[in-house]
Amino acid sequence: MRTWAKRVALALGLVAVMAGCGGPHAVVLNPAGPVGRIELNLMDVAAVAMAAVILFVLVLATLAVVRFRDRKGNKAPYTPNVEGHKVLEVLWFIIPALILTIIGIPTVQDTYALAKVPAKHPLVIDVTSLDWKWLFEYPGQKVATVNQLVMPAGQPVLFKITSDAPMNTFWIPQLGGMEYAMPGRVLPLWLESYKPGAYWGHSGQFSGREFEKMFFSVKAVTPTAFSAWAANLRKTAPAMTVADYHRLLQFTTVGHLSYSSYPAFTFPSVTHGFTLKGGMYLLMHNNPVHD
Amino acid sequence: MPALPSFVPYLIHTLFPPWVRRPTEIGAEVMMVAGGAFIVYWLLKYKKLQWLWNEWLTTVDHKKIGIMYLVAAIIMLARGGLDALMLRTNLALPTAHFIGASEYNEVFTTHGTIMVFFMGMPLIFALFNVVVPLQIGSRDVAFPRLNAISFWLFAFAAALFNLSFVVGGSPNAGWTAYPPLTELAFNHTVGENYYFISLLMTGIGTTITGINFLVTILRMRAPGMTLMKMPLFTWATLNTSALILFAFPPFTIALLESLLDRLAATSFFTLSHGGMPMMYVNLFWLFGHPEVYILVLPAFGVFSEVVATFSRKKLFGYPSMVLSMTAIMVLAYGTWVHHFFTMGAGPAVNVFFGLSTMLIAIPTGVKVFNWILTMWGGRVQFTTPMLYFLAMIPTFVIGGATGVMLGAVPADYQFHNSYFVIAHFHEVLIGGTVFGLLAGVYYWWPKMFGYKLNDRQGKWAFWLFAGGFWPTFIPQYWLGLEGMTRRMYTYPLGMGWHTLNVISTIGGFIMGAGFLVLAANVLYSRRHQEKDLTGDAWDGRTLEWSIPSPAPEYNFAVIPTVDERDWWWQEKERRRQGEKPVVVKPEEIRPIAIPKNTPVPILLGAAFFMGAFGLVFSWWDIALAGLVAVFSILIYSWFQYDHYRILSAGEVRESEELLGRLGA
Ligand code: HEM
Ligand SMILES: [Cu+2]
Ligand SMILES: [Cu+2]
């Protein structure tokens with residue numbers, strides 16, 4: 001019995017110690033770029049409005065239960081035949097509608113704001129999800145990487161996202177919300193890192209056995225460092241051959257890879273596309289990107 | 001057909017591939033075989049086979065069908081719960097491998113599918129069947145035989161789905177089963193076949209049930225009971241049935257097309273031949289969002305009955321309750337895109353569905369306020385059903401509030417597919433649906449079995465279940481904010497996710513303990529609880545409490561005229577004031593036609609099962625045999641004309657006499 005109690009105490013202590021390291025990991029609450037910032041602000045508005053509702057309901061419910069519990073000598077009025085109250089019932093519709101307007105207006109504004117890349121010619125990175133890895137191609141720099149994303153900080157970056165495997169979502173929580181990687185479609189998403197920094201990303205959409213391994217590292221560097229990095233890759237890294245791409249398509253997990261170039265067909269353009277497994281020519285719908 | 005020597009290894013290899021020969025699967029196999037053997041032994045030893053066949057397997061009585069749904073739902077709750085604990089155990093510590101990736105993926109798929117389709121749905125149908133005909137003063141549902149067919153389609157579908165765990169392999173693409181992950185190219189085992197086929201099967205049953213209760217409620221109410229005098233649970237059933245009617249067809253199409261893609265090489269969704277996976281996603285959620293309201297509206301109905309009964313007061317705002325529920329039913333069809341705001345639909349579409357999602361929170365809020373004001377001015381009694389109602393208020397309100405946050409489109413870009421969403425829907429599905437249905441089970445248990453479940457044990461189960469709920473799911477909101485995405489079988493060290501996951505797992509086991517106490521409560525109460533001879537165990541308000549518990553097979557010897565809400569409560573009030581006593585007048589008793597038992601429904605279910613099993617393994621001869629069997633049974637039943645037996649007025653009188661209900 002003694003040892004049992006000791007063990008419980010030990011376990012509780014352990015939990016308490018571990019609880020100490022919860023805060024700094026809340027990546028969504030510590031945005032490092034404008035997109036995540038806008039999204040967090042909206043979350044805050046919604047959370048505050050909803051907290052008010054929750055509080056009101058809980059207080060009202062507690063009052064009702066405490067005051068009207070079935071107890072001998074309870075002096076609170078007992079009115080079993082009350083059927084309703086016209087004004088209150090209408091208020092129930094109007095007040096929530098007003099509260100929801102408070103959330104609804106910024107929702108509309110922010111949705112439209114985020115649909116537009118705030119730059120004329122943003123840097124473009126083509127993202128393809130594979131089983132079970134991420135391929136990043138830099139059409140401007142002509143280089144490619146796997147599972148490691150390098151991007152310039154301080155400017156919006158436009159990600160064009162597709163999949164040559166089952167669906168995934170491309171998500172870097174500290175920079176902003178996710179977007180689906182879907183075979184047969186290319187979806188746009190822009191993100192920006194205020195300052196140079198290191199982050200991580202993961203897929204949100206379950207994509208099969210090794211889905212858990214769909215982590216990738218993200219490095220935001222100064223624009224000059226970015227150019228230097230790409231130039232260095234072009235010199236030192238191997239070229240991606242068609243055979244290399246087909247190897248990447250296999251059901252495997254890999255670490256970080258880099259390539260000095262990549263075959264053009266590996267990412268769909270407006271007039272030219274591919275199908276699942278890079279197999280067949282097919283015209284794809286590129287989503288119009290507002291730029 | 002291959003010669004025997006090669007045939008046998010083929011069969012073993014196909015039915016028992018390596019992935020159903022892992023320790024958990026073998027454990028399940030042993031349990032299934034042992035459990036089956038025990039049941040057969042018990043039936044033979046106590047000579048219960050005949051009884052089982054006559055009283056249960058061939059019955060078309062809505063009350064018995066309801067009880068069979070209930071038993072099935074509780075068994076499925078145990079299976080789905082075990083799945084959940086396996087998942088939680090694996091997630092308790094980073095990089096843990098209690099079960100591996102493949103098994104984890106199968107288990108979360110079966111967990112979700114079972115909880116929604118094989119636990120939630122039968123549990124709501126259990127209450128529909130037991131309660132609705134009694135609440136509206138009817139002798140059965142509109143189509144008793146179809147009702148039994150619905151049940152057996154569900155039961156055999158559930159059996160088929162569970163069989164996948166030990167024969168051939170479980171599905172592993174999540175309860176949402178998006179292509180291309182379900183395509184043959186990515187998923188070559190038979191698991192997804194099991195998923196599509198068993199859901200098609202149970203979906204047919206569900207659609208029929210929806211139609212059945214729509215017709216029952218619209219056509220078979222007691223004289224005087226206009227729509228606006230119906231009890232709220234009946235209203236909930238009506239709205240739920242209306243949701244089923246239009247939500248299940250798109251789902252059926254999505255399932256059928258996915259199945260054809262796999263079995264017949266069509267390309268509805270298969271991309272390599274020009275199919276569109278996103279079409280599936282639309283069809284799925286066109287069903288999926290109404291489905292979540294299908295699961296919660298019946299719970300709303302239960303809460304409305306429970307809060308009025310145990311506050312000993314009329315429901316507050318009946319018309320606005322009806323209005324808000326109907327509004328939810330209509331709006332539920334217009335919000336489905338909020339499940340994929342991040343699929344590039346563009347800002348206009350996203351804004352539309354974001355606002356419609358917020359809109360649906362308004363009628364939901366109205367209901368909560370009206371429930372609270374029902375207690376205001378009442379006398380609140382803390383019975384077990386009422387405790388579930390009270391526990392629902394914080395959980396469901398927080399779950400609804402986070403739902404609104406999810407509807408704020410750009411915020412959802414961050415929440416989507418993270419543990420935040422997991423926390424949201426478990427709050428509304430457990431805190432709303434499961435609490436509600438458990439409240440309903442405790443509340444109507446005396447009506448089903450003639451005695452209450454033990455209240456003390458019920459409260460123990462309640463405190464464990466509702467108490468375990470908070471540590472299980474509240475931390476998951478925070479995990480979502482820490483970037484943990486759903487459906488990961490494990491996670492690396494150093495993400496900071498371990499503490500909250502440990503807490504969540506501990507909470508899960510507390511809930512599991514709650515379930516065990518509940519099961520013990522059922523077994524204990526069967527022996528030790530006092531019989532309720534009044535038929536009105538809770539001093540209820542609606543029609544079902546005016547007849548004995550359990551109700552006689554004809555329900556009402558004489559169908560009363562119901563010209564007000566809470567008719568039974570008012571009737572008791574009049575009796576207290578010495579007006580007309582509530583008794584059955586012998587001279588008003590007429591002969592009653594009772595639908596006869598029939599083996600057609602269970603045989604039909606078995607025939608479907610055979611065909612479905614053939615389809616799972618692409619054994620076309622067996623599939624064809626199943627199809628032939630289905631049609632043979634249907635043709636046989638078409639030529640049966642004699643569906644009713646007549647209970648003479650004398651027999652009814654005798655039975656009522658025994659129940660002590662014939663007044664002077
Ligand atoms: C106040 C009302 C509600 C609102 C505003 C709301 C909103 C939402 C939204 C926007 C999502 C999508 C989140 C995402 O995937 O990114 C969602 C997911 C979900 N909701 Fe709700 N919800 C509400 C009530 C309910 C109720 C009553 C239920 C069921 C009883 C429910 C069950 C679910 C489920 C099961 C999912 C996730 C399905 C999945 O992805 O597997 N919700 N909800
Ligand atoms: Cu669950
Ligand atoms: Cu929804």
Side-chain angles (χ1 to χ4, degrees), chain A residues 18-19 21-22 25-29 39 42-43 46 50 53-54 57-58 60-61 64-65 68-70 77-84 89 92-93 96-97 100 103-104 107-108 110-112 114-115 166-167 169 173 177-180 183-184 187 202 204-206 208-209 212 275-276 279 287, chain B residues 101-102 105 174 178 180-181 186 271-272 312-314 316-318 320 342-344 347 350-351 354-355 358 361-362 365-366 368-369 372 375-381 390 393-394 397-398 401 404-405 408-411 413-414 416-418 481-483 485 487-490 495-496 498-499 502:
Chain A
M18 291 196 295
C21 49
H25 294 286
V27 274
V28 171
L29 303 183
E39 287 160 352
L42 184 62
M43 277 177 208
M50 286 297 113
V53 175
I54 294 171
V57 171
L58 293 189
L60 193 68
V65 172
F68 296 100
R69 77 210 131 131
D70 189 24
Y78 176 51
T79 52
N81 290 321
V82 168
E83 289 199 322
E89 284 170 56
W92 295 158
F93 280 93
L100 290 175
I103 306 174
T107 296
V108 175
D110 291 350
T111 308
Y112 277 94
L114 289 178
M167 293 183 199
T169 63
M178 60 182 77
E179 190 70 31
Y180 272 88
L187 299 180
H202 191 253
Q205 179 66 27
F206 176 69
R209 196 183 69 229
E212 189 264 329
T275 57
L276 213 50
N287 241 45
Chain B
S102 306
N105 299 340
Y178 284 6
L181 193 55
F186 297 99
L271 198 88
S272 46
R312 324 207 46 71
K313 182 165 165 285
K314 282 186 181 162
F316 188 89
Y318 179 97
S320 61
T342 53
M343 244 181 221
N350 278 357
V351 159
L355 295 182
M358 294 181 193
I362 298 176
V366 168
V368 175
F369 288 126
I372 294 176
M375 296 189 286
W376 202 273
R379 281 293 174 267
V380 178
Q381 301 174 321
L390 291 173
I393 292 180
V397 169
I398 295 176
V404 171
M405 294 173 70
V409 182
Y413 296 165
Q414 284 282 38
H416 183 54
N417 272 344
S418 76
L481 298 177
E482 293 186 341
T485 54
R487 296 177 176 168
M488 302 170 80
Y489 81 99
T490 187
M495 306 300 291
H498 45 279
T499 317
V502 172

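Chain A is the first sequence line, chain B the second, and so forth, proteins listed ahead of strands; every chain is numbered from 1.
Looking at every heavy atom in both residues, A:H25 comes nearest to B:M495 through ND1-O, 3.1 Å. Contact detail for A:G104 and B:L355: the closest heavy-atom pair is CA-CD2, 4.0 Å. Listed here is the closest heavy atom pair of B:A408 and A:I103: CB-CG2, 4.2 Å. Among all heavy-atom pairs drawn from A:F93 and B:I362, the shortest one is O-CG2, 3.7 Å. Contact detail for B:T342 and A:E179: the closest heavy-atom pair is O-OE2, 3.1 Å. Smallest separation of non-hydrogen atoms from A:L100 and B:A361: CD1-CB, 4.3 Å.
B:V368 touches chain A through its side chain: at least one heavy atom from C-beta onward sits under 4.5 Å away, while N, CA, C and O do not. Using a 4.5 Å cut-off between heavy atoms, B:L481 touches chain A through backbone and side chain atoms alike. B:Y178 touches chain A through its side chain: at least one heavy atom from C-beta onward sits under 4.5 Å away, while N, CA, C and O do not. Of the two parts of A:L60, the backbone and the side chain both hold a non-hydrogen atom closer than 4.5 Å to a non-hydrogen atom of chain B. For chain B, the nearby parts of A:E83 are the backbone and the side chain; heavy atoms of each come within less than 4.5 Å.
Between chain A and the residues B:P410, B:G378, B:A411, the largest count of heavy-atom pairs under 4.5 Å involves B:P410. For the set A:L114, A:T169, A:V57, A:V53, the count of heavy-atom pairs under 4.5 angstrom toward chain B peaks at A:V57.
Once rounded to the nearest 0.5 Å, the distance linking CE of B:M343 with CG of A:L187 reads 8.5 Å. If you take CG on A:L58 and CD1 on B:I372, they are separated by 8.0 Å, rounding to the nearest 0.5 Å. Atoms CE and CE, from A:M50 and B:M405 in turn, are 9.0 Å apart once rounded to the nearest 0.5 Å.
Counting only heavy atoms from C-beta outward, the side chains of B:W376 and A:V82 never approach each other to under 4.5 Å. The side-chain heavy atoms of A:L42 and B:V409, taken from C-beta on, include no pair separated by under 4.5 Å. Under the 4.5 Å side-chain criterion, counting only non-hydrogen atoms from C-beta, A:V65 is in contact with B:M375. The side-chain heavy atoms of B:L181 and A:Q205, taken from C-beta on, include no pair separated by under 4.5 Å.
Paired with A:D70 under the rule side chain to side chain donor-acceptor pair (under 3.5 Å), one option of B:R312, B:R379, B:Q381 passes, and it is B:Q381.
Under the 30°/60° scheme for interplanar angles, the aromatic rings of B:F369 and A:W92 are found to lie parallel.
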Problem set entry | Step-by-step side-chain contact (heavy atoms from CB on, under 4.5 Å) determination, A:E89 to B:V366 | CA-CA 8 Å; A:E89 284 170 56; B:V366 168; over 6 Å; no
